[in-house]
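Atom set for the values below is all heavy atoms of this structure, side chains included, hydrogens, waters and symmetry mates excluded. Positions are given from 1 along the sequence.
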Amino acid sequence: AVVVFLATGNITISGLIDVSGESGKALDTTSLPSLLLNRTPSVPGPGGYPGGLGARGGVAPEAGGGPGGGPAGLQGAVWANAGGSGAHQTIATSSSGNIGSTATYGNFQLTPMFGGSGGGGGWGTAANMVGGTGGAGGGAIRIVSTTSITFNGNPNIFANGGSGATVSGPNAGNYGGAGAGGSIHIIAPSIVNVPYLVALGAVVSPLGRTGGAGYIRVSTNTTNVNLGGTQPAAILGPLYAPPLPTASPLPAVRIVSVN
């Protein structure tokens, strides 16, 4: 679920907030216990989507999770067997081969708010090759104060996608795709010292495959906000009341008899 901080007073943030997605774990086909341990879907940031598993034992790889999930790699030619990267605000890009997802989603109002989509799993030139796991999508975070938010020192907020996994050893296939960036939303009448806000997709080298960028929005009455440290470029807008998270019902216990 999306992370939401709601405060009816001043907020001061001094440090790092990181809701980035996990990169796929490197796989080594020479060690079966290690391979089984590390061949798991990459974990997204809160509100994001997981990366897909790569191929193994002739079983095809999985696409990345989410509305913009990266396509799974294809068995065969090198240009097509790496996992495709995930999309979000922008499409995934590539300098070669599987270009990734072109299914963008979300909006700059961040209503509703989404995390980034995961990268697809990789395959190889032969059916029995082991492919890398796709990187997970970055999470989504909204910080709201009714008065002010002050950032002290050199704080950062990250909602980046995770990188696709590599594979080594016999029958090693191609990389997994990159995860897309998530979403960051800061809301307060007064905002002091906007930090380094980053919601970018990961880059899978040396293939040049990049996950799509996410969304960043700053909603405030402050007129001299410096947004030069945001990637991708943030949208500066007026205050508005975001949708509140739905409270989970409290568990109930019914006693039917006492012996």
Only counting residues at least two apart or in another chain, list the ones meeting side chain to side chain donor-acceptor pair (under 3.5 Å) with Thr111. none
Remaining members of hydrophobic cluster (4.5 Å side-chain criterion), Val203: none
By the side-chain hydrogen bond (donor to acceptor under 3.5 Å, both in side chains) test, which pairs, at least two apart or in different chains, include something from residues 26-41? Asp28-Thr30, Ser34-Asn38
Linking Ile, Leu, Val, Met, Phe, Trp and Tyr through side-chain heavy atoms less than 4.5 Å apart, which residues share a cluster with Leu53? none
Say whether, by atom type as modelled, one donor and one acceptor occur between the side chain of Thr90 and the main chain of Ala213 under 3.5 angstrom. yes
Ser183 side-chain N/O to Ala140 backbone N/O, donor-acceptor pair under 3.5 Å: no
I'd like to know if the side chain of Ser20 and the backbone of Asn160 have a donor-acceptor N/O pair within less than 3.5 Å. yes
Flag, side chain of Ser42 to backbone of Gly51, donor-acceptor distance under 3.5 Å: yes
Of all pairs that satisfy ring pair (Phe, Tyr, Trp, His ring centres under 6.0 Å), the ones with a partner from residues 176-205, not counting sequence neighbours: His185-Tyr240
Hey, could you give me each pair passing side-chain hydrogen bond (donor to acceptor under 3.5 Å, both in side chains) that has a residue in residues 124-133? Not counting sequence neighbours. none
With sequence neighbours left out, what residues match Gln109 under side chain to side chain donor-acceptor pair (under 3.5 Å)? none
Residues forming a side chain to side chain donor-acceptor pair (under 3.5 Å) with Thr220, sequence neighbours excluded: Thr222
Under 4.5 Å between side-chain heavy atoms, hopping through other hydrophobics if needed: is there a path connecting Ile187 to Met113? yes
Connected-component partners of Met129 among ILVMFWY, side-chain separation under 4.5 Å: none
Among Ile216, Leu227, Ile17, find the one that has a side-chain contact (heavy atoms from CB on, under 4.5 Å) with Leu197. Ile216
Check the surroundings of atom CG in Asn154: do more than 12 heavy atoms from other residues, nucleotides or ligands lie under 6.0 Å from it? no
Check: residues 4-12 side-chain donor-acceptor pairs under 3.5 Å, at least two apart:
{"from": "Asn10", "atom 1": "OD1", "to": "Thr147", "atom 2": "OG1", "distance (Å)": "2.5"}
{"from": "Asn10", "atom 1": "OD1", "to": "Ser148", "atom 2": "OG", "distance (Å)": "3.1"}

Just by distance, do the side chain of Asn156 and the backbone of Leu16 share a donor-acceptor pair under 3.5 Å? no
Which pairs pass ring pair (Phe, Tyr, Trp, His ring centres under 6.0 Å) with one or both residues in residues 107-157, sequence neighbours excluded? Tyr105-Phe114, Phe108-Tyr215
Just to verify, what does Ser23 make a side chain to side chain donor-acceptor pair (under 3.5 Å) with, not counting sequence neighbours? none
